[in-house]
Number of protein chains: 2
Amino acid sequence: MSILSAAVDVLRCFSSTRHDVTVTDLVSLLGMPKSNASRLLRAMRDEGLLETVGDSKRYRPSLLLSQVGHIYRFAASLIDRADAVVGRISDEVGHTGYISVRRGTDIVGVTAHPGRHALRVVTSIGDRIAAFASSTGRALLARLPDDEVRRLYAGGFVPPSDTAPQDLDELLARLAINRREGYAESHDEAVRGVRAISVSVGDPTTGDEVALCISFPAAIVTPEERLAIIRSLGEGAAEIAALTRDPFFIPLHPSIAETAP
Amino acid sequence: MSILSAAVDVLRCFSSTRHDVTVTDLVSLLGMPKSNASRLLRAMRDEGLLETVGDSKRYRPSLLLSQVGHIYRFAASLIDRADAVVGRISDEVGHTGYISVRRGTDIVGVTAHPGRHALRVVTSIGDRIAAFASSTGRALLARLPDDEVRRLYAGGFVPPSDTAPQDLDELLARLAINRREGYAESHDEAVRGVRAISVSVGDPTTGDEVALCISFPAAIVTPEERLAIIRSLGEGAAEIAALTRDPFFIPLHPSIAETAP
DNA sequence: ACTCAAGTTCCATTTTATGGAACTCTCTTG
DNA sequence: CAAGAGAGTTCCATAAAATGGAACTTGAGT
């Protein structure tokens with residue numbers, strides 16, 4: 001056990017609901033002796049990974065981490081491109097847009113563009129949600145062959161709501177539809193009343209894959225608006241796929257993509 | 001020398017111009033034996049601090065760092081409040097807005113809102129500029145007593161242009177004006193043709209201090225627009241200062257703050 | 001197939017981390 | 001205001017990990 005892994009464990013303690021940690025937090029969260037916790041936090045602060053909050057005994061991530069974390073977006077330039085596309089669409093339609101990446105069976109939001117509507121979907125960057133029960137997750141899972149999806153979910157899963165896939169077979173059936181149509185959709189899955197539409201695109205040179213998603217209250221969007229969102233997302237993702245020469249890109253089905261005469 | 005400090009040295013290698021590193025990069029940048037560089041990068045990747053780019057030998061910051069770095073903004077909630085204010089003003093006037101923090105004699109950009117104008121100031125998050133030669137820097141230095149400024153610049157400084165303070169006395173004189181007027185301004189300092197206006201505010205409970213800045217091409221802003229920007233920044237900062245009960249807040253001079261009848 | 005640059009592995013030595021216990025500091029409470 | 005509790009720090013011998021030079025492997029370009 002290197003001190004490096006202990007330090008990373010500390011970083012993993014931070015979340016959208018825990019912005020700072022203390023020695024005792026580490027003792028209870030990680031079960032480490034408090035002598036270690038005390039020295040580790042001080043060492044991480046001395047090295048510049050953490051900052052103390054005011055003159056208290058609380059530690060939070062440092063400016064350095066903020067800077068390095070920011071570079072992730074540019075290093076993974078696919079994210080930047082996708083973010084630009086989602087930002088533009090979010091601006092046009094006024095609904096919340098975000099982009100996410102998959103880590104195993106989890107989806108993590110990377111960037112978000114809040115909508116303008118009074119009734120808007122609020123997303124939290126950095127939180128993990130289940131891939132199988134979200135449109136972003138299924139848009140990304142649809143890029144995998146069924147075998148690999150089966151392997152990922154060998155342990156089964158617990159559906160969070162009635163409209164989410166109830167078992168592996170239903171998930172695979174929905175992924176098959178996603179592959180045919182070129183987009184994924186969710187309704188009342190993680191949050192009631194919320195609908196979301198996602199497409200995915202990858203960059204074979206870096207191995208990155210991201211989902212582009214627009215999320216909106218189901219009640220206030222007309223069928224025409226919904227179709228326009230699907231088309232915008234599909235077109236944006238197709239442009240990126242052309243740039244990266246993504247071999248696994250799933251284009252919109254022609255019957256959806258064709259614009260009215 | 002703990003491996004922690006070596007790992008942090010690696011993180012410091014990343015910049016807006018270096019999005020990923022290799023073993024040889026570390027050997028030349030940090031002068032470490034390549035055996036160490038090789039193991040260190042692998043260990044950092046295994047722990048989740050870095051990711052390999054595709055299947056190449058290049059390493060970039062990981063999603064984890066992106067997530068933790070994001071938390072910095074919320075942990076330092078002053079930054080979030082200031083960012084909201086600057087974002088709104090940037091939207092209104094169409095010019096680039098950003099917020100920065102001070103680390104010693106350096107200023108680091110934390111968030112930015114690009115302007116809408118065709119001619120716009122582009123800032124890069126995470127890069128360091130000299131505090132004495134920027135409006136954001138002087139807005140933050142103005143919060144310190146002269147003694148402390150003298151101590152910071154005991155080693156003197158090299159002015160980057162004719163319009164920047166040429167020596168410590170001129171810097172102190174300009175800080176005195178900033179304290180009286182309630183804002184700081186730069187013109188042709190870091191970048192020719194660029195003007196910037198900054199105010200600063202702090203949070204005594206966390207010890208954080210940030211500068212709010214609007215930056216614009218000198219040629220296209222009228223005196224009335226400039227005054228409106230100063231007033232917007234001053235009012236926004238004053239609202240934050242009231243929330244945090246900032247004891248060192250410098251309000252706008254009444255002759256500037258008063259709006260036309 | 002050859003060459004060179006880049007990266008990885010090996011190993012004895014040196015340095016650092018570990019965790020229990022004693023100690024200090026700082027609030028809270030009687 | 002003193003006792004007590006909770007939180008954090010320091011100490012120390014032991015256990016574990018990092019170091020760096022050299023040998024070895026990989027891979028891209030000729």
Side-chain angles (χ1 to χ4, degrees), chain A residues 1-15 17-62 64-65 68 75 203-207 245, chain B residues 1-15 17-62 64-65 75 204-207 245:
Chain A
M1 274 287 271
S2 140
I3 196 176
L4 206 53
S5 85
V8 171
D9 287 341
V10 171
L11 295 186
R12 288 189 201 282
C13 288
F14 294 108
S15 70
T17 56
R18 187 187 300 278
H19 294 165
D20 47 37
V21 299
T22 62
V23 169
T24 3
D25 286 342
L26 289 196
V27 170
S28 61
L29 286 170
L30 303 177
M32 61 168 49
K34 60 178 181 172
S35 53
N36 282 5
S38 174
R39 278 173 308 207
L40 178 56
L41 285 176
R42 185 146 36 93
M44 288 176 75
R45 185 199 40 153
D46 290 348
E47 296 298 345
L49 288 172
L50 302 179
E51 299 176 349
T52 40
V53 178
D55 54 357
S56 72
K57 307 289 168 90
R58 313 194 70 78
Y59 291 81
R60 68 180 185 200
S62 71
L64 172 67
L65 288 176
V68 174
D203 181 346
T205 66
T206 62
R245 300 172 192 277
Chain B
M1 275 287 271
S2 139
I3 196 175
L4 206 54
S5 86
V8 171
D9 288 342
V10 171
L11 295 186
R12 289 189 202 281
C13 288
F14 293 108
S15 70
T17 56
R18 187 187 300 278
H19 295 165
D20 47 36
V21 299
T22 63
V23 170
T24 2
D25 286 342
L26 289 196
V27 171
S28 60
L29 287 170
L30 304 176
M32 61 170 46
K34 61 179 180 173
S35 54
N36 282 5
S38 173
R39 277 174 309 206
L40 178 57
L41 286 176
R42 184 147 37 90
M44 289 177 74
R45 186 203 39 166
D46 290 347
E47 297 297 346
L49 288 172
L50 301 179
E51 299 176 349
T52 39
V53 179
D55 54 357
S56 73
K57 305 291 169 81
R58 312 195 70 79
Y59 291 80
R60 68 181 185 199
S62 71
L64 171 67
L65 288 176
T205 66
T206 62
R245 300 173 193 277

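Order of the sequence lines fixes the chain letters, A, B, ..., with proteins taken first and strands second; residue numbering starts at 1 for each chain.
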Under 3.5 Å, sequence neighbours excluded: what are the donor-acceptor pairs made by side chains of residues 5-14 of chain A?
from: A:S5; atom 1: OG; to: A:S2; atom 2: O; distance (Å): 3.3
from: A:R12; atom 1: NH2; to: B:E47; atom 2: O; distance (Å): 3.0

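Side-chain proximity of B:S2 to the nucleotides C:dT8, D:dA17, C:dT16 is greatest for C:dT16.
Both A:L4 and A:A37 sit near DNA chain D, but only A:A37 has its closest nucleotide nearer the 5' end.
Remark: A:S28 engages no residue in a side-chain hydrogen bond (donor to acceptor under 3.5 Å, both in side chains) (not counting sequence neighbours). Scanning for side-chain hydrogen bond (donor to acceptor under 3.5 Å, both in side chains) contacts around A:R60 gives A:E51, B:D208, with sequence neighbours left out.
C:dA6 atom C1' lies 13 Å from atom CG of B:L41, rounded to whole Å. The distance from atom CE of A:M44 to atom P of C:dA17 is 13 Å, rounded to the nearest whole Å. Put simply, CD1 on B:I3 is 12 Å from C1' on C:dA17, counting in whole angstrom units. The separation between B:M32 atom CE and C:dG7 atom C1' is 15 Å, rounded to whole Å. Nucleotide C:dT16 holds its P atom 12 Å from the CD atom of A:E47, rounded to whole Å. Across the protein-nucleic acid pair, A:N36 atom CG and C:dT16 atom C1' stand 12 Å apart, rounded to whole Å. Between B:D46 atom CG and D:dA17 atom C1' there is a gap of 15 Å when expressed in whole angstrom units.
Listed pair A:R42 / D:dT10 meets the phosphate criterion, a side-chain N or O lying under 4.0 Å from OP1 or OP2.
Of all the heavy atoms in A:L4 and B:A43, the pair that sits closest is CD2-CB, 4.1 Å. Here the shortest heavy-atom pairing between A:R58 and A:T22 reads NH1-CG2, 3.4 Å. Nearest heavy-atom pair across A:V23 and A:L41 is N-CD1, 3.8 Å. Of all heavy-atom pairs spanning B:S62 and B:G48, the tightest one is OG-O, 2.7 Å.
Atoms CG and CG, from B:L40 and B:L50 in turn, are 8.0 Å apart once rounded to the nearest 0.5 Å. Atom CD1 of B:I3 sits about 9.5 Å away from atom CD1 of A:I3, to the nearest 0.5 Å.
A heavy atom lying under 4.0 Å from DNA chain C marks none of the residues of residues 19-29 of chain A. Within residues 6-15 of chain A, no residue has any heavy atom closer than 4.0 Å to DNA chain D.
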What one-letter contact string describes nucleotides 20-29 of chain C from 5' to 3', where B marks a base within less than 4.0 Å of any protein heavy atom, S marks contact via sugar-phosphate atoms alone, and - marks no contact?
-> BB--------
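Defining each end axis of the helix from C:dA1-D:dT30 to C:dG30-D:dC1 as the rotation carrying four pairs' C1' atoms onto the next four, with five pairs an end, the two axes are found to diverge by 50° to 10 degrees.
Two residues are said to be in side-chain contact when any heavy atoms from C-beta on lie closer than 4.5 Å; B:Y59 and B:T52 meet this criterion. In this structure, A:H19 and A:V53 have side chains that are not in contact, with every pair of non-hydrogen atoms separated by 4.5 Å or more.
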Protein-nucleic acid N or O pairs under 3.5 Å, nucleotides 28-30 of chain D:
none

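Residue pairs meeting the salt bridge (charged side-chain N to carboxylate O under 4.0 Å, His left out) criterion with at least one partner in residues 22-44 of chain A, sequence neighbours excluded, are A:R18-A:D25.
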